[in-house]
Amino acid sequence: MRSNPFLMILTIAAGILVFSPCATLAADYGFKLVTNQNALEAELDLNVDVSDSLLIAGISGLYDNDDYKLLSVKAMVSDEVLLEGLTAGLGLKGIWGEAEKRHFDADVLNAGFACYVGYDLSKSGLNKVPVTLSAGFFMSPEPLSFEDTEELIEITAEGTWKVLEQAAIVVGYRYIEIDFEPRPKSQKCDSAGYLGLKFFF
């Protein structure tokens, strides 16, 4: 029986979330709540300054009109690259939950590799524009797919407009594709935009 890397990622993320505020490290929390006509997502993340890098841990939940119920955890390292305001991050992410529709019901359990890139316009020549643009990619190949899944891919794109010092408006897009084990082999895709708020503490 294969070990469960989702639990490993959950342990790492939980350790960062719990113990970093107790250490002598600069840490910032963010809470995001976004929605569309069918789905609702909530995310809590923690950014910790470590040397010249940023350590990121987060946990999120996605409910999509009974089609998806997914819990995600992530642990990533981020740094500024190439030019001021441009950041890139690499790390691990785990997704656990279920997908169902009509007579289709499957368990989802995936771990894999995550990356993202973001650009803060306020640090560019547009220093009066408090907008950050970002994109993320997650892939869980077959060796890291468990339960009823064979592969999972998630792509996100997001724009954040910081209207207040501790609050921002979020506009984004998400694409999820899950391949399930043959019975017969099936695939489930979801593509949607969303809108919401993010708070900084």
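These numbers were taken from a predicted model, which means no experiment stands behind them.
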>> For Pro141, is there any backbone N or O sitting under 3.5 Å from a side-chain donor or acceptor partner on Glu151?
In response: no
> What's the shortest heavy-atom distance between Met76 and Tyr116, and which atoms?
Replying inline: CE-CD2, 3.7 Å
> Looking at Phe200 and Glu165, what are the two nearest heavy atoms and their distance?
Replying inline: CD1-O, 4.4 Å
>> How about CZ on Phe113, more than 12 heavy atoms from neighbouring residues, nucleotides or ligands closer than 6.0 Å, or not?
In response: no
> Which heavy atom of Ala99 sits nearest a heavy atom of Val108, and at what distance?
Replying inline: N-CG2, 4.2 Å
> Got Ile95 and Val73 here, is their nearest side-chain heavy-atom distance under 4.5 Å?
Replying inline: no
> What pair of heavy atoms forms the shortest contact from Gly97 to Leu70, and how long is it?
Replying inline: CA-CD2, 4.1 Å
> Counting distance only, does the side-chain N/O of Thr35 pair as donor-acceptor with the main-chain N or O of Leu40 below 3.5 Å?
Replying inline: no
> Roughly how far, to the nearest 0.5 Å, is the NZ atom of Lys162 from the CD1 atom of Ile169?
Replying inline: 13.5 Å
>> I'd like to know whether Lys74 forms a salt bridge (charged side-chain N to carboxylate O under 4.0 Å, His left out) with Glu43, so could you lay out the CA-CA distance, the side-chain angles of the two residues, the decisive distance to 0.1 Å, and finally the verdict.
In response: CA-CA 11 Å; Lys74 66 180 179 182; Glu43 179 181 39; 3.3 Å; yes
> What are the two closest non-hydrogen atoms of Ser145 and Glu150, and how far apart are they?
Replying inline: OG-O, 3.2 Å
> For Ala111, does its backbone N or O pair with a side-chain atom of Ser140 as donor and acceptor, under 3.5 Å?
Replying inline: yes
> How far does CG of Asn110 sit from CD1 of Ile178, to the nearest 0.5 angstrom?
Replying inline: 7.0 Å
> With a 4.5 Å heavy-atom cut-off, do Asp179 and Thr149 have their side chains touching?
Replying inline: no
> Taking all non-hydrogen atoms of both residues, which atom of Leu144 and which atom of Gly112 are closest, and how far apart?
Replying inline: CD1-CA, 4.0 Å
> Taking C-beta and beyond as the side chain, do Ile155 and Met139 meet within less than 4.5 Å on heavy atoms?
Replying inline: no
> Nearest 0.5 Å, what's the CD1-OH distance between Ile153 and Tyr175?
Replying inline: 7.0 Å
> Would a distance-only check, ignoring hydrogens and angles, find a side-chain to backbone donor-acceptor pair under 3.5 Å from Asp107 to Glu98?
Replying inline: no
